[in-house]
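Just below is one structure, and these are the notes that go with it.
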Amino acid sequence: MTQAPRAWNSHATETRNSISGGTVHGPVVQANRVTGLTFTTTAIPEPPPPRQLPLPPAWWVDRDTDLTLLQRRTLGPDAAPGTRLIALHGPPGSGTTALAARFLDGLHHLHPGGELYVDLRGSAPDGPLPARRALGYLLRSVRPGAPPVDAEERASWWRSATATRAPMCLLLDNAVHATDVRACLPAGSGHLVLTTSRNPLVELGADGAHFHEVGPLPRGAAHRYLALRAHEERLRTEPAAAEQLVQLAAGLPAALSMTAAQLALPTTPPVRTRPGTHRQP
């Protein structure tokens, strides 16, 4: 025995579930009735306070006057309010980056918000680093997620991210344009920014920068540096040749470091036979 089909009820409610007029990305739910929704999201954790500064130099002589002056301008009563900006400048090899790293190494307890570092690559063959990329590095260091594409929007986000952030320090190394430094300046107060460059970025004076020139090491300090790095006995037995090495290095720590490293090698010939240490007749 077969059952006759039920008559169609013209008063029944017809349910349609359709999507048109666009492109849908992701999953789609088709249902007659949804009585409740529960959304589960996973929060992206905040990154830890960054500690990105270069390590301070292992060998150090002199520069006590420079360190004292930087400390007074940073922590003393004449320190600028808000974000403090110190602009170091000096010739290649004078040790501006080493001085900045040495100075900041003793201040990490004052910057719970982090210690950030960006090489602006002012002297690199493919430099300088565009401000947009520098801001991308900084933003990814303090907040999760991808930064915006536009450079001005990145600068705005950077100021917003640092306006209420705990005090932090920032080393902008090898700068060549004041505009690139200015784009990376944080908002808020209590922050410390150090820049290094070959020439003084005088335009940063409008941002309250203190300018500090880093010169060659004095003659006595250069001799002490060589004595610390190389075998002191060798320098003592050949003082004239050692003096000529100091003069050839012109007091520049980078040149002294390479000279001392060569002298410290066990196969290095006597100081007086080093290339460039003898005089032509």
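Because only heavy atoms are used, hydrogens play no part in the values below, and waters and symmetry mates are left out as well, while side chains stay in.
- Grouping the Ile, Leu, Val, Met, Phe, Trp and Tyr side chains by contacts below 4.5 angstrom, directly or via other members, places V181 apart from V176.
- Closest of all the heavy-atom pairs between F103 and L192 is CE2-CD2, 4.3 Å.
- Linking Ile, Leu, Val, Met, Phe, Trp and Tyr residues whenever their side-chain heavy atoms come within less than 4.5 Å leaves V214 and L69 in two separate clusters.
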- Message: side chain to side chain contact (heavy atoms under 4.5 Å, CB included) for L129 and D119? Distances and angles first, verdict last.
- Response: CA-CA 8 Å; L129 185 74; D119 185 357; over 6 Å; no

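- For the atom pair D180 CG and R121 CZ, the distance stands at 13.5 Å (nearest 0.5 Å).
- Hydrophobic clustering places L172 together with F211 (ILVMFWY residues linked when any side-chain heavy atoms are closer than 4.5 Å, directly or through intermediates).
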What donor-acceptor contacts under 3.5 angstrom involve side-chain atoms of residues 142-154, with partners at least two apart or in another chain?
unit_1 : atom_1 : unit_2 : atom_2 : d
D150   : OD2    : E152   : N      : 3.1
D150   : OD2    : E153   : N      : 3.0
R154   : NE     : P148   : O      : 2.4
R154   : NH1    : R132   : O      : 2.8
R154   : NH2    : P148   : O      : 3.2

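- The closest side-chain heavy-atom distance from L256 to L226 is below 4.5 Å.
- Between M168 and G113, the shortest heavy-atom distance links the atoms CB-C, 3.8 Å.
- Contact record, H191 with P167: ND1-CA, 3.6 Å, taken as the closest heavy-atom pair.
- Of the possible polar contacts, one joining the R182 side chain to the E203 backbone as a donor-acceptor pair under 3.5 Å is found.
- Note: the hydrophobic cluster containing V118 also contains W157 (ILVMFWY, side chain heavy atoms under 4.5 Å, direct or indirect links).
- Rounded to the nearest 0.5 Å, atoms OG (S189) and CZ (R165) are 14.0 Å apart.
- Defined by atom type and a distance below 3.5 Å, a donor-acceptor pair is present between the side-chain atoms of T97 and D173.
- Considering only heavy atoms from C-beta on, H210 comes within 4.5 Å of I86 through its side chain.
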- Stepwise side chain to side chain contact (heavy atoms under 4.5 Å, CB included) test for M258 and L252: CA-CA 10 Å; M258 290 187 291; L252 295 175; over 6 Å; no

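- If you chain together hydrophobic residues whose side chains sit under 4.5 Å apart, V61 and W59 fall into the same group.
- Looking at every heavy atom in both residues, G93 comes nearest to P253 through O-CD, 3.1 Å.
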- Task: Step by step, work out the side chain to side chain contact (heavy atoms under 4.5 Å, CB included) result for R224 and D62.
- Result: CA-CA 9 Å; R224 291 195 301 274; D62 201 61; 4.1 Å; yes

- Can you check side chain to side chain contact (heavy atoms under 4.5 Å, CB included) on L138 and L170, steps first, answer last? CA-CA 9 Å; L138 294 172; L170 169 61; 3.7 Å; yes

Would you mind writing out the side-chain donor-acceptor pairs for residues 47-58 within the sub-3.5 Å range, not counting sequence neighbours?
unit_1 : atom_1 : unit_2 : atom_2 : d
R51    : NH1    : H111   : O      : 3.1
Q52    : OE1    : Y117   : N      : 3.1
Q52    : NE2    : S141   : OG     : 2.9

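- Considering only heavy atoms from C-beta on, E243 comes within 4.5 Å of H223 through its side chain.
- Two residues are said to be in side-chain contact when any heavy atoms from C-beta on lie closer than 4.5 Å; T259 and L248 fail this criterion.
- Looking only at side-chain heavy atoms (C-beta outward), E115 and L104 stay at 4.5 Å or farther from each other.
- Of all the heavy atoms in A175 and L201, the pair that sits closest is CB-CD1, 3.8 Å.
- Rounded to the nearest 0.5 Å, atoms CG (D66) and CD (E213) are 10.0 Å apart.
- Nearest heavy-atom pair, T83 versus A187, reported as atom, atom and distance to 0.1 Å: OG1-O, 4.2 Å.
- The OG1 atom of T96 sits 7.0 Å away from atom CG of N174, with the distance rounded to the nearest 0.5 Å.
- Here CG of L194 is found 8.0 Å from CG of L99. Values are rounded to the nearest 0.5 Å.
- Of the possible polar contacts, none joining the S94 side chain to the P216 backbone as a donor-acceptor pair under 3.5 Å is found.
- For the atom pair L116 CG and L171 CG, the distance stands at 10.0 Å (nearest 0.5 Å).
- Note on residues 189-200: no pairs pass salt bridge (charged side-chain N to carboxylate O under 4.0 Å, His left out), not counting sequence neighbours.
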